[in-house]
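Comments concern the structure below.
Source: prediction; values computed, not measured. Start at 1 and go down the list; that is how both ligands and their atoms are numbered.
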Amino acid sequence: MTENIKDRIKRLRELINYHSYRYHTLDAPEITDAEYDVLVQELERLERENPLLITPDSPTQRVGNEPLPEFAKVEHPYPMTSLTDAFSREEVDAWLERVCRLLPDDTTLQFVAEPKIDGLAVALTYENGLLVRGATRGDGQIGEDITANVRTIRNVPLRIPVQDDMAVPPRIEVRGEIYMPRDLFDRMNEEREVRGEASFANPRNAAAGSVRQLDPRITAGRPLRLFVYAIGFVEGVKVESQWDALAYMRQLGFAVNPDIRLCESYSDVVHYAEEWMNKRDELNYEADGVVIKINSLALQGQLGAVGNAPRWAIAYKFPSREAITRLQEIRVNVGRTGALTPYAVLDPVQLSGVTIRQASLHNFEDLARKDIRQGDMVVIKRAGDVIPQVIGPVEGLRTGVEVPFEVPAACPVCGEPVVSDEERVVVYCDNPTCPAQVVRRIEHWASRGAMDIDGMGEKVAALLYEKGLVKSVADLYDLTFAQLEGLEGFGPKRAENLIQAIAASKDRPLWRLLTGLGILGAGEQVSRLLADHFRSIDALAGADEQEIEAIAGLGPHVSHALTTFFAHERNQELIERLRSASVNMVDETPVVVTETISLEGLTFVITGTLDGLSRDQAKELIEAHGGHVSSSVSAKTDYLLAGENAGSKLDKARSLGVKLIGKEDLLAMIENAEIGASGEISTGRLL
Ligand code: IVH
């Protein structure tokens with residue numbers, strides 16, 4: 001085994017960790033996903049060929065491949081306490097008064113104010129920089145060992161420090177919250193729905209459910225993230241305040257919530273809390289309050305705890321978004337794919353300034369498990385901008401007249417018998433001509449994420465269907481001005497606008513057409529991939545399942561759904577009708593074979609005299625190809641470009657193991673990069 005391979009593996013791990021940190025923790029990637037994948041693939045290959053060189057902190061080793069029989073119990077060296085809640089400004093004022101009473105009169109207080117994330121508390125232990133344990137809070141004394149699952153979370157470092165040259169604490173335990181960012185939660189749920197899987201009620205449930213999987217491979221597929229907010233203990237480092245602790249953890253490479261604030265006065269704290277109360281819907285994580293902490297750890301020590309909660313902190317909870325009201329009736333909605341979903345019709349109730357009349361009931365399995373009955377008093381909740389949800393019945397308020405709900409045996413719209421999966425989680429109407437499905441398909445076709453036909457919402461789709469004018473999306477292209485004018489709500493102007501909007505949709509890019517067809521699993525992202533790859537609907541329709549599956553990120557479900565769709569005569573006819581209406585069916589964007597790898601993400605230092613190239617010229621050349629030129633050599637330097645009479649920089653580069661190159665090497669790298677742009681991936685040679 002040559003030293004070279006070892007070095008290369010080490011370098012790849014550094015690069016991958018660095019770019020993963022830029023992407024997942026700092027949210028500021030420097031390279032494209034494709035470039036990142038090339039690095040990972042090379043590391044995977046080298047490790048496959050040299051299994052003895054695999055280490056547990058290698059970025060390839062995040063996901064274990066054996067499910068656990070159960071979670072082992074672990075004792076926390078220092079208990080994981082909870083927080084006292086405050087529900088009003090008065091209660092927070094009272095807390096501050098208590099704090100002041102317990103401290104000498106002349107104490108100056110600083111506070112740290114932090115969003116209280118609604119996720120799952122976790123304690124992570126690192127020994128000599130290596131992540132050795134992740135544990136849930138449990139009862140505060142004893143938690144569960146979830147190390148294998150925690151390792152799969154992308155922004156949890158497997159080794160610290162992630163990038164800076166700083167001393168490694170021999171042992172440190174950091175504490176924080178595992179959560180699911182809202183945008184990733186929404187995307188995951190959409191994907192689950194198109195795959196016909198049950199969706200999660202909210203990000204908290206999704207995070208908790210994902211962390212408690214015995215099979216880490218399942219957890220790995222869920223978009224979890226971590227924010228740390230405390231040091232449980234640390235050896236060999238002195239930390240004086242909460243603010244220092246956050247800064248120290250950030251330096252080690254942990255993700256610290258950027259919304260945390262150091263407040264110099266109590267009025268700053270109050271201001272902060274009110275600000276976040278109003279902004280809570282804009283956050284990409286669910287927060288149920290603001291945690292206010294006394295900054296100085298010395299003062300924290302003096303204040304101590306009462307029972308299970310420290311005196312030096314308080315959770316100022318946001319106003320409740322729960323209310324209780326009567327569930328009048330359970331109704332069933334039929335979606336575009338035929339999926340039946342129950343929803344609740346409620347006695348109108350006010351909830352954080354909005355009147356709620358309906359709420360989601362999620363799915364039939366959920367409904368049965370919670371035993372929600374018509375006539376029940378139910379707890380409803382609004383979370384963020386999501387539709388209100390029924391949390392569950394208040395069983396103590398039952399009077400005996402409540403009626404359990406039966407899963408319908410027939411579609412409530414067309415009356416055809418329904419089909420369902422084994423767990424009865426998803427129940428379908430299997431009749432493709434069911435009016436509910438047809439109207440939703442038309443609406444979906446016209447929606448902003450698909451063919452983007454202005455003025456064609458749900459109501460218009462339903463109206464055109466009812467009037468017998470549109471039974472399939474292809475009928476839209478036969479509509480005439482005369483047919484529209486005079487329809488309910490349609491004057492000449494609106495009729496003309498709609499005709500124009502429909503005509504304009506004929507020139508949409510291929511991915512929009514694919515999205516609009518509403519094939520199971522082929523949402524916007526998948527449709528873009530398909531359009532990029534196949535470039536015409538005919539090429540896609542002619543592909544077999546294996547070919548489709550070979551495209552990155554596409555699983556057997558989608559490829560099967562696609563081939564089934566195109567095999568169906570009804571769908572072939574639809575495509576032919578769209579074609580004769582001149583709807584665009586090809587992708588005409590120019591082919592980009594691979595991204596230019598060029599010198600992007602690479603840092604150079606120039607030293608000595610370069611033959612025939614001034615330093616400024618060299619700098620310009622590097623920057624023109626996306627590289628960065630720095631004046632001093634550090635561990636972050638990728639290459640030292642050295643000419644004649646190179647001085648101390650050369651020594652430093654050697655001692656740090658930075659690669660040395662000459663002018664010719666630089667020119668060759670740039671040339672390679674240009675070859676890369678025209679079709680060959682050149683990263684392998686570049687780095
Ligand atoms: S500090 C002694 N800070 O809230 C202080 N907790 O009721 C211990 N939480 O289970 C916690 N965000 O998981 C703290 N910025 C934050 C937090 C936070 C969420 C959770 C934590 C704990 C619960 C305490």
Side-chain angles (χ1 to χ4, degrees), residues 76-87 91-92 95 99 111-124 134-144 146 150 153 156 173-182 202-205 207-208 211-212 224-234 239 241-250 254-263 269 272-273 275-277 279-280 283-318 383:
H76 297 297
Y78 297 88
M80 290 181 79
T81 57
S82 65
L83 291 165
T84 310
D85 288 335
F87 296 96
E91 287 177 89
V92 186
W95 166 76
V99 166
F111 307 85
V112 176
E114 314 180 353
K116 185 172 187 295
I117 295 172
D118 205 4
L120 204 89
V122 68
L124 306 180
T136 62
R137 178 173 161 213
D139 63 5
Q141 308 282 340
I142 295 185
E144 285 179 322
I146 52 161
V150 162
I153 301 175
V156 168
E173 185 206 88
V174 297
R175 294 180 177 181
E177 199 83 356
I178 296 176
Y179 69 101
M180 198 175 281
R182 276 212 187 116
N202 56 55
R204 207 211 97 83
N205 284 8
V211 166
R212 294 202 38 82
L224 297 170
R225 294 292 181 271
L226 170 79
F227 270 141
V228 295
Y229 53 66
I231 295 181
F233 63 82
V234 57
V239 179
S241 67
Q242 168 66 4
W243 192 246
D244 282 358
L246 296 172
Y248 179 61
M249 290 189 288
R250 193 182 292 119
F254 291 101
V256 175
N257 187 341
D259 299 327
I260 294 178
R261 233 18 86 67
L262 177 66
C263 297
V269 172
Y272 175 93
E275 185 185 326
W276 287 108
M277 232 167 254
K279 281 209 294 205
R280 65 192 290 196
L283 301 173
N284 196 23
Y285 48 81
E286 298 226 312
D288 56 351
V290 165
V291 187
I292 306 166
K293 300 175 181 174
I294 302 292
N295 189 30
S296 154
L297 298 193
L299 295 180
Q300 287 188 5
Q302 286 179 42
L303 289 164
V306 248
N308 190 21
R311 286 202 193 85
W312 48 264
I314 193 151
Y316 186 3
K317 300 295 282 286
F318 294 148

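The shell of residues lying under 4.0 angstrom from ligand 1, judged by heavy atoms, includes Lys293. For Pro310, the closest heavy-atom approach to ligand 1 falls below 4.0 Å. Residue contacts with ligand 1: Pro115 is included, with a non-hydrogen atom under 4.0 Å away.
From the protein, the heavy atom lying nearest to atom 5 (C) of ligand 1 is Leu83 CD2, 3.7 Å. At the top of the distance list for atom 15 (N) of ligand 1, counting protein heavy atoms only, stands Glu114 OE1, 2.7 Å. The nearest protein atom to atom 20 (C) of ligand 1, hydrogens excluded, is given as Glu177 OE1, 3.4 Å; this is a heavy-atom distance.
At least one donor-acceptor pair under 3.5 Å links the side chain of Arg204 to the backbone N or O of Gly119. The closest donor-acceptor contact from the side chain of Arg311 to the backbone of Leu303 lies under 3.5 Å. Proximity of a side-chain donor or acceptor of Arg182 to a complementary backbone N or O of Glu286 within less than 3.5 Å is not detected.
For atom 12 (N) of ligand 1, the candidate residues are Asp288, Ile117, Ile178, Thr84; the nearest heavy-atom contact is made by Ile117. When the heavy atoms of Tyr285, Tyr229, Phe227, Trp312 are ranked by distance to atom 6 (N) of ligand 1, first place goes to Tyr229.
Residues passing the ring-ring contact (aromatic ring centres under 6.0 Å, His included) test with Tyr272, sequence neighbours excluded: Trp276.
For the atom pair CZ (Phe254) and CG (Leu124), the distance works out to 6.5 Å, reported to the nearest 0.5 Å. Rounding to the nearest 0.5 Å places CD of Gln302 at 12.0 Å from CG of Leu297.
Side chains of Gln242 and Gln300: no donor on one and acceptor on the other come within 3.5 Å.
Taking distance alone, with nitrogen or oxygen atoms compared against 3.5 Å, Thr81 stays at or beyond that limit from ligand 1.
By the criterion of a heavy-atom distance under 4.0 Å, both the backbone and the side chain of Lys116 are placed next to ligand 1. The side chain of Val291, and not its backbone, has at least one atom closer than 4.0 Å to an atom of ligand 1 (non-hydrogen atoms only; side chain from C-beta on). If you look at Arg137 next to ligand 1, the close heavy atoms, those under 4.0 Å, all belong to the side chain.
Aromatic ring orientation, Tyr78 versus Phe233: tilted (interplanar angle from 30° to 60°).
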